[in-house]
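All residue numbers refer to positions in the sequence shown, counting from 1.
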Amino acid sequence: MVTLRPWQPADRPLLDGFNTAEMTAHQVRPESAEELEKRHRRYLRTDLPGAMLVICVGEDAVGAIGYWENDEDADAVVWETGWSVLPEFQGRGHAGSALATLIGIVRAEGTHPEIHAYPAVDNAPSNALCRHAGFTLRGTRPFPFRGEELLSNDWALVL
């Protein structure tokens with residue numbers, strides 16, 4: 001059974017697991033050690049809208065999923081989501097279960113009208129996950145990511 005829990009100081013090694021060539025193949029590039037540490041500190045913050053959550057199967061931390069505000073569209077502020085599951089735990093439905101739980105969390109909060117995900121156009125598993133979770137493909141666009149632009153799909157789910 002998949003559960004979600006808040007990101008904790010001891011979760012920093014997960015970021016190293018997500019920063020391999022295999023895990024960053026659909027991203028602009030891996031992150032530097034300094035960038036990883038900065039991200040870890042941001043994930044620990046509780047004063048920002050949204051949250052970074054660890055995906056757990058039993059006692060094992062198998063990945064992470066989060067949501068945060070995105071105000072790039074002048075019409076409305078929406079939630080944005082993203083996730084990573086360690087390679088040895090992929091293909092078992094953990095990301096799908098985590099995303100379903102996360103959608104329930106943001107619906108219950110009632111803060112924003114939509115949640116979006118922006119996987120790279122060539123990231124077949126993440127695009128399939130969006131489709132399976134009921135998101136609608138709104139288009140393809142360059143998306144700012146790690147200081148560059150990533151050609152991404154814009155998947156949206158009305159909450």
Side-chain angles (χ1 to χ4, degrees), residues 1-19 23-24 26-27 31 36 38-73 75-121 123-141 143-146 150 152-159:
M1 181 171 131
V2 170
T3 59
L4 302 180
R5 65 162 173 77
W7 190 268
Q8 300 170 358
D11 294 321
R12 171 62 179 80
L14 279 173
L15 294 179
D16 295 318
F18 301 152
N19 203 45
M23 291 291 292
T24 60
H26 300 289
Q27 299 171 352
E31 292 178 286
L36 290 173
K38 183 177 177 182
R39 184 153 53 117
H40 175 61
R41 288 191 309 270
R42 187 175 69 248
Y43 286 178
L44 290 170
R45 291 183 62 180
T46 58
D47 62 326
L48 300 173
M52 183 53 65
L53 305 165
V54 175
I55 303 169
C56 297
V57 176
E59 296 296 316
D60 294 326
V62 303
I65 189 167
Y67 65 108
W68 52 91
E69 287 184 331
N70 179 323
D71 61 358
E72 288 184 23
D73 183 349
D75 294 336
V77 176
V78 297
W79 288 123
E80 180 180 339
T81 186
W83 52 84
S84 292
V85 174
L86 295 168
E88 60 268 31
F89 297 103
Q90 291 177 4
R92 301 180 192 180
H94 302 324
S97 294
L99 183 56
T101 300
L102 182 83
I103 290 167
I105 290 168
V106 297
R107 275 195 173 125
E109 283 185 9
T111 307
H112 299 303
E114 295 182 344
I115 188 167
H116 289 243
Y118 301 98
V121 295
N123 187 337
S126 286
N127 283 289
L129 179 58
C130 291
R131 189 176 308 106
H132 184 267
F135 285 64
T136 300
L137 181 59
R138 296 257 175 97
T140 299
R141 67 182 183 97
F143 188 78
F145 190 75
R146 295 188 181 160
L150 183 67
S152 299
N153 285 325
D154 178 1
W155 291 93
L157 179 70
V158 175
L159 298 168

Asn127 side chain to Ala120 backbone, donor-acceptor under 3.5 Å: yes
List the atom of His116, the atom of Ala156, and the distance in Å for their closest heavy-atom pair. CE1-CB, 3.4 Å
To the nearest 0.5 Å, what is the distance between CD (Glu114) and CG (Leu157)? 8.5 Å
Nearest heavy-atom pair of Trp83 and Cys130: which atoms, and what distance? CH2-SG, 3.7 Å
Closest heavy-atom pair, His112 versus Glu69, reported as atoms and distance to 0.1 Å, is NE2-OE2, 2.7 Å
CD1/Ile115 to CZ/Arg107 distance, rounded to the nearest 0.5 angstrom? 9.5 Å
Do the side chains of Leu53 and Ile105 get nearer than 4.5 Å, heavy atoms only? yes
Please tabulate, one pair per line, all N/O donor-acceptor pairs under 3.5 Å involving side-chain atoms of residues 89-103, not counting sequence neighbours.
unit_1 : atom_1 : unit_2 : atom_2 : d
Gln90  : NE2    : Val85  : O      : 2.7
Arg92  : NH2    : Glu88  : O      : 2.8
Ser97  : OG     : Gly93  : O      : 3.2
Thr101 : OG1    : Ser97  : O      : 3.1

Side-chain heavy-atom pair Trp68, Leu48 within 4.5 angstrom cut-off: no
CZ of Arg39 to CG of Leu15: how many Å apart, nearest 0.5 Å? 5.0 Å
Steps toward side chain to side chain contact (heavy atoms under 4.5 Å, CB included) verdict (Tyr118, Asn153): CA-CA 5 Å; Tyr118 301 98; Asn153 285 325; over 6 Å; no
Do Arg12 and Leu36 make a side-chain contact, defined as non-hydrogen atoms from C-beta onward lying under 4.5 Å apart? yes
Does any N or O in the side chain of Ser152 come within less than 3.5 Å of the main-chain N or O of Arg141, such that one atom is a donor and the other an acceptor? no
So Ile55 and Leu4, do their side chains get closer than 4.5 Å, heavy atoms only? yes
Once you round to the nearest 0.5 Å, how far does OG1 of Thr81 lie from CG of Asn70? 11.5 Å
What are the two closest heavy atoms between Leu14 and Gly63, and how far apart are they? CD1-O, 4.0 Å
Indicate yes or no: at least one non-hydrogen side-chain atom of Asp11 is less than 4.5 angstrom from one of Tyr43. no
For residues Ser84 and Met23, report the shortest heavy-atom separation together with the two atoms involved. CB-CE, 4.0 Å
Rounded distance (nearest 0.5 Å) linking atom CZ of Arg42 with atom CH2 of Trp7: 10.5 Å
Worked check of side chain to side chain contact (heavy atoms under 4.5 Å, CB included) between Phe18 and Gln27: CA-CA 11 Å; Phe18 301 152; Gln27 299 171 352; over 6 Å; no
Indicate yes or no: at least one non-hydrogen side-chain atom of Thr136 is less than 4.5 angstrom from one of Trp155. no
Taking Asn19 for the side chain and Glu31 for the main chain, is one N or O donor matched with an acceptor at less than 3.5 Å? yes
How long is the span from the CG atom in Asp154 to the OG1 atom in Thr140, to the nearest 0.5 Å? 8.5 Å
